There are 2 protein chains.
Amino acid sequence: MKISEVSTATGLSIDTLRFYEKIGLIDPPPRDGAGRRDYPDDVIGWIAFLGQLNATGMPQAERVRYAELRRQGAATYTARREMLEAHREVIRGKLVLMQETLALMDRKVAIYQKLESEEESHV
Amino acid sequence: MKISEVSTATGLSIDTLRFYEKIGLIDPPPRDGAGRRDYPDDVIGWIAFLGQLNATGMPQAERVRYAELRRQGAATYTARREMLEAHREVIRGKLVLMQETLALMDRKVAIYQKLESEEESHV
DNA sequence: CTAGGTGCTGGAGCATACTCCAGCTCAAGC
DNA sequence: GCTTGAGCTGGAGTATGCTCCAGCACCTAG
């Protein structure tokens, strides 16, 4: 796959793809005869996974660490599992906070609706 | 309340409190005889609320916008309610993504556990 | 009355995560 | 064969959200 195709498929900009390669999030892909990147198809799935770690708040340095472990193969299964278990706990904590804040938004919206109707009534 | 007390009570650094005041997130508090900030007690609740907006991903510029509306009083009830309703939808979207990623972490952890036990078995 | 602690201002600096640019190469269509 | 477009590299620049610092003022304890 050409870099433009990977960009379209993943929603990451071409610059971001090269940046991710530079910091070690994406393996340097083989090059074609003209020196252009020719990505394997499975990079799409990997980038989607990175996107999920990103969107759930895993910092870049940690994602890089995970990518490094992945490159080292079977010897790092345990380390990778432990990273994902730790991130799972982070997500659980955020979920609780999100749910609490969602409930708070509901309460606040109801309060504002009440205030608005009171405003209206004595215009 | 002194700035150091607000800092302790909220977990925000003194520098961050002054920074929040500078950008309009916190109302400039009255000063004591020596020109030092003397915060009203209710700033603690306001900062906690800002913290929840922050932790659920509301960007600074939006929080500043909300704070500005709040300063304008009853005339902005509707605008504030609409901001909170919009943020509520953002949170709902994040909740879904978090839940999906949590499930993904579970699946991945299980896969790694299987891989680890297989590794072990042919040592 | 002096030392130490707390607070003040204005402005510089920093970490994270990209984003953009100059100047170049290459391949393909007209 | 020449233009156009995609891609390349190295490095600079940007946005967000703080964080730190110099240099000074003030209050309190000993």
Side-chain angles (χ1 to χ4, degrees), chain A residues 1-40 43-44 46-68 83 87 90 94 97, chain B residues 1-40 43-44 46-68 83 87 90 94 97:
Chain A
M1 296 184 86
K2 291 188 298 179
I3 196 167
S4 56
E5 291 168 338
V6 176
S7 172
T8 303
T10 62
L12 296 183
S13 74
I14 288 175
D15 274 316
T16 299
L17 289 170
R18 287 191 289 240
F19 170 71
Y20 275 13
E21 180 181 329
K22 191 165 80 185
I23 64 172
L25 272 182
I26 297 176
D27 291 340
R31 303 300 182 104
D32 70 9
R36 294 175 190 178
R37 289 171 179 79
D38 183 16
Y39 291 89
V43 80
I44 302 298
W46 171 239
I47 290 170
F49 178 57
L50 288 176
Q52 263 180 288
L53 294 181
N54 196 18
T56 52
M58 185 184 283
Q60 194 148 91
E62 256 179 85
R63 282 181 290 153
V64 169
R65 172 84 185 124
Y66 188 89
E68 274 167 6
M83 281 193 75
H87 187 56
V90 170
K94 286 184 197 241
L97 184 71
Chain B
M1 297 185 85
K2 291 188 299 179
I3 196 166
S4 57
E5 292 169 337
V6 176
S7 172
T8 303
T10 61
L12 295 183
S13 73
I14 289 175
D15 273 316
T16 300
L17 289 171
R18 286 192 289 240
F19 170 71
Y20 276 12
E21 180 182 329
K22 191 166 79 183
I23 65 172
L25 271 183
I26 297 176
D27 290 341
R31 304 300 181 102
D32 69 9
R36 295 176 188 178
R37 290 170 179 80
D38 182 17
Y39 292 89
V43 78
I44 302 298
W46 171 240
I47 290 170
F49 178 58
L50 287 176
Q52 264 181 288
L53 294 181
N54 194 18
T56 52
M58 186 184 281
Q60 190 109 280
E62 256 178 86
R63 281 182 291 152
V64 169
R65 172 82 186 126
Y66 187 88
E68 276 168 4
M83 281 192 75
H87 188 56
V90 170
K94 286 183 196 242
L97 185 70

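In the text below, chain A, chain B and the rest are named by the order of the sequence lines, each starting its count at 1. Please read these numbers as outputs of a predicted model, since none were measured by experiment.
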Q. Between B:Q60 and D:dA15, is there a side-chain N or O to OP1/OP2 distance below 4.0 Å?
A. no

(Q) Could you tell me how far apart B:I3 (CD1) and D:dC26 (P) are, to the nearest whole angstrom? (A) 18 Å

Q.
Nearest to the side chain of B:R63, heavy atoms from C-beta on, is which of C:dC8, D:dA6, D:dC18?
A. D:dC18

Q: Enumerate the residues from residues 11-30 of chain A whose closest heavy atom to DNA chain D is under 4.0 Å, giving them by residue number; use none for an empty result.
A: A:I14, A:R18

Q. Do B:K2 and B:D32 have side chains that get closer than 4.5 Å, going by heavy atoms?
A. no

Q: Tell me, with the steps shown, if A:I26 and A:Y39 meet side chain to side chain contact (heavy atoms under 4.5 Å, CB included).
A: CA-CA 10 Å; A:I26 297 176; A:Y39 291 89; 4.3 Å; yes

Q | B:S7 (side chain) donor-acceptor with B:I3 (main chain) under 3.5 angstrom | A | no

Q) Checking side chain to side chain contact (heavy atoms under 4.5 Å, CB included) for the pair B:R37/B:R31: CA distance, chi angles, key distance, verdict? A) CA-CA 5 Å; B:R37 290 170 179 80; B:R31 304 300 181 102; 3.4 Å; yes

Q | Taking every non-hydrogen atom, the tightest pair across B:K94 and B:G57 | A | NZ-CA, 3.9 Å

Q: Identify which nucleotide among D:dC8, C:dG7, C:dA17 has an atom closest to any side-chain atom of A:R31, counting heavy atoms from C-beta outward.
A: D:dC8

(Q) Tell me the bend of the helix from C:dC1-D:dG30 to C:dC30-D:dG1 as the angle between end helix axes, each from five pairs, rounded to the nearest 10 degrees. (A) 10°

Q | B:L25 versus B:V64, closest heavy-atom pair with distance | A | CD2-N, 3.6 Å

Output one line per pair: protein atom, nucleotide atom from nucleotides 26-28 of chain C, and distance, for all N/O pairs under 3.5 Å.
residue	atom	partner	partner atom	Å
C:dC26	O2	A:R36	NH2	3.1

Q) With side chains defined as the heavy atoms from C-beta onward, is the minimum distance between B:Y66 and B:F49 less than 4.5 Å? A) yes

Q. If you look at every heavy atom in B:M1 and B:D38, which pair is closest and at what distance?
A. N-OD1, 2.9 Å

Q. Is there side-chain contact between B:M83 and B:E62, with heavy atoms separated by less than 4.5 Å?
A. yes

Q: Mind running side chain to side chain contact (heavy atoms under 4.5 Å, CB included) on B:T8 and B:E5 for me, showing each step along the way?
A: CA-CA 5 Å; B:T8 303; B:E5 292 169 337; 5.7 Å; no

Q.
Rounding to an integer number of Å, can you tell me how far A:M1 CE sits from D:dA6 C1'?
A. 16 Å

Q.
Checking A:Y20 against A:I47 for the side chain to side chain contact (heavy atoms under 4.5 Å, CB included) test, could you report, in this order, the C-alpha distance in whole Å, the side-chain angles of both residues, the deciding distance, and whether it holds?
A. CA-CA 10 Å; A:Y20 275 13; A:I47 290 170; 5.7 Å; no

